[in-house]
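Structure, as structure tokens:
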Protein chains: 2
Amino acid sequence: MEKKVSASVINRLPRYYRYLTDLLSSGIERISSKELSERMHVTASQIRQDLNCFGGFGQQGYGYNVKSLQSEIAKILGLDRGYTAVLVGAGNMGRTFAINTKFESRGFRLIGIFDTDPKKIGTTLTRYTIMDYKNIKEFIDTHHPEMAILAVPKQVIHGVAEELIGYGIRAFLNFSYTELSTAEDVAVENVHLSDSLMRLSYKLLEHDQNEDKKQESEV
Amino acid sequence: MEKKVSASVINRLPRYYRYLTDLLSSGIERISSKELSERMHVTASQIRQDLNCFGGFGQQGYGYNVKSLQSEIAKILGLDRGYTAVLVGAGNMGRTFAINTKFESRGFRLIGIFDTDPKKIGTTLTRYTIMDYKNIKEFIDTHHPEMAILAVPKQVIHGVAEELIGYGIRAFLNFSYTELSTAEDVAVENVHLSDSLMRLSYKLLEHDQNEDKKQESEV
DNA sequence: TAGATTGTTAATCGATTAACAATC
DNA sequence: TAGATTGTTAATCGATTAACAATC
């Protein structure tokens, strides 16, 4: 068994995928680690090390074929698996997610939307009719989605997750402020917009303070 | 001048803030690094190291006062600065963002929403009237927001960012698929939901493959 | 005071970068 | 072939963990 690839490497993969997709759409066929490193503001060494966790995708003297590298990374990420997902919660975040079909094919395919609000159940959201959360077990038993996107209030997040784990779901994208702890054999990605905002706030403050210092030293 | 705090530490700060806020709301007054470490699934050593980048907030033999530690971290993150932000783009993501006022006070206060779509301009979104993007310079000159939340299509993201930098904005939260490169003296946080999905997809695939291997070895 | 827990130094571990032989 | 660029090993750097003296 190969040794486990580190989280740092995994976290960079989507970014490689993104850049390669852009290169592809601008018609660039081959790229060297050096040129890619300049575009991405990382070292060429890091790119080669990262890729070689999964195999030798390049060719000495030539570099990497953009198209084949992109598809290799897609495979590594599991984007070719046709994973399917249900969305739980048709509030604002849920609706935004459902409408942005551009996410599809970059990780999953949405096959059903659920909510508990009688006002929402039966209404349509893009090409889906919102279903009653009560019937989610039946739906899962029939269609076997692998993932659930959780866009529900933080008060119910743990309950919903546990229930869905019971029904066989093994991967969650969690939008609630509370984080879903990753016990058991379950994959979780937490998306915390508040965290991003706080980081931005920190960076802004840091810049402001550097600015202040610069002015002081000029005086 | 103190040495720069590493990105790893900064990235963990919002999570500390989140946990401390939860502790506070459940009425817990003091906590030791050991107990916090168990709740957060990190080492006590890491917590103490992280906090001591900014100062000695604890007390030997006692631990940390939850309330004062929370407010210290808020200060470090700049949450007490009353930073203000404009939202550019009142599409789905923009609307979701505007409606989730819970983000406010965790990094910024929203003071205006802009769009270019004549159908949207003049309509209201929660407590705001959507303004014409044409008039954003005037608004910035008058109200001096520090941040901009960019929820615009990727085709226009760089143009919008450059324009707003010209008007004095120094911090951006970017929701577009393309990333905003962080040249100049500008703070940027990119939020890429697709990246989160791809990471989730990878984790799921990894779990599936471990599952397969386990079964093989059982045969 | 004795016990607990911090702040901090030292040790370990892992990730990044540099270098270069292999090879297209 | 000569030049370019990979894959990979070795060196460096930084982050995490462990340990413990300081001290509440």
Please report the distance, rounded to the nearest Å, between [atom1] in [X] and [atom2] in [N].
{"X": "B/R30", "N": "C/dT6", "atom1": "CZ", "atom2": "C1'", "result": "12 Å"}
{"X": "A/F57", "N": "D/dG7", "atom1": "CZ", "atom2": "C1'", "result": "12 Å"}
{"X": "A/E38", "N": "D/dT5", "atom1": "CD", "atom2": "C1'", "result": "14 Å"}
{"X": "B/I47", "N": "C/dT6", "atom1": "CD1", "atom2": "P", "result": "9 Å"}

Query raised in the report: Applying ring-ring contact (aromatic ring centres under 6.0 Å, His included), which residue pairs with at least one partner in residues 72-98 of chain A are found, sequence neighbours left out?
Result: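 Residue pairs with at least one partner in residues 72-98 of chain A: A/F97-A/F103, A/F97-A/F108, A/F97-A/F175.
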Query raised in the report: What pairs of residues pass the salt bridge (Lys or Arg N to Asp or Glu O under 4.0 Å) test when at least one of them lies in residues 41-52 of chain A, not counting sequence neighbours?
Result: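 The answer is A/R12-A/D50.
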Query raised in the report: What pairs with B/Y17 under ring pair (Phe, Tyr, Trp, His ring centres under 6.0 Å), at least two apart in sequence or on another chain?
Result: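 With neighbours one apart ignored, the set is empty.
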Report task. Using ring pair (Phe, Tyr, Trp, His ring centres under 6.0 Å) as the criterion, list what pairs up with A/F114, not counting sequence neighbours. Result -> A/F139
Query raised in the report: In the 5'-to-3' direction, what one-character label does each nucleotide of nucleotides 14-19 of chain C receive under the scheme B = base within less than 4.0 Å of a protein heavy atom, S = sugar-phosphate only, - = no such atom?
Result: -SSBBB
Query raised in the report: Salt bridge check: are A/E146 and A/R170 linked by an N-O gap of less than 4.0 Å?
Result: no
Query raised in the report: Hey, are A/K154 and B/D22 close enough for a salt bridge, meaning a charged N less than 4.0 Å from a carboxylate O?
Result: yes
Query raised in the report: Going by atom types only, do A/S37 and A/Q46 share a side-chain donor-acceptor pair under 3.5 Å?
Result: no
Requested in this report: Establish, from distance only, whether the side-chain atoms of B/N11 and A/R199 form a donor-acceptor pair under 3.5 Å.
Outcome: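 A pair is found: one side chain offers a donor N or O, the other an acceptor, under 3.5 Å apart.
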Query raised in the report: Does DNA chain C take part in any stems of at least 3 consecutive Watson-Crick or G-U pairs (both distances under 3.5 Å), and if so, which ones?
Result: C:3-24 with D:3-24
If you restrict it to nitrogen or oxygen atoms, what contacts under 3.5 Å exist between nucleotides 21-24 of chain C and the protein, and what is each distance?
| from | atom 1 | to | atom 2 | distance (Å) |
| --- | --- | --- | --- | --- |
| C/dC24 | O3' | A/Q59 | NE2 | 2.2 |
| C/dC24 | O2 | A/Q60 | O | 3.3 |

Query raised in the report: What residues form a salt bridge (Lys or Arg N to Asp or Glu O under 4.0 Å) with A/E163, not counting sequence neighbours?
Result: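 Per chain and number, A/E163 pairs via salt bridge (Lys or Arg N to Asp or Glu O under 4.0 Å) with no residue.
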Query raised in the report: Counting only side-chain N and O atoms of A/Y64, is one of them less than 4.0 Å from OP1 or OP2 of D/dA4?
Result: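 No.
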Contacts of type side-chain contact (heavy atoms from CB on, under 4.5 Å), residue [X], not counting sequence neighbours:
{"X": "A/R15", "answer": "A/R18, A/Y19, A/M40, A/V42, B/E179"}
{"X": "B/Q59", "answer": "B/Y62"}
{"X": "A/S71", "answer": "none"}

Requested in this report: For DNA chain D, determine which residues of residues 69-77 of chain B have any heavy atom closer than 4.0 angstrom to one of its atoms, and list them numerically.
Outcome: none
**Report entry** A/K67 side chain vs A/E29 backbone, donor-acceptor pair below 3.5 Å
**Finding:** no
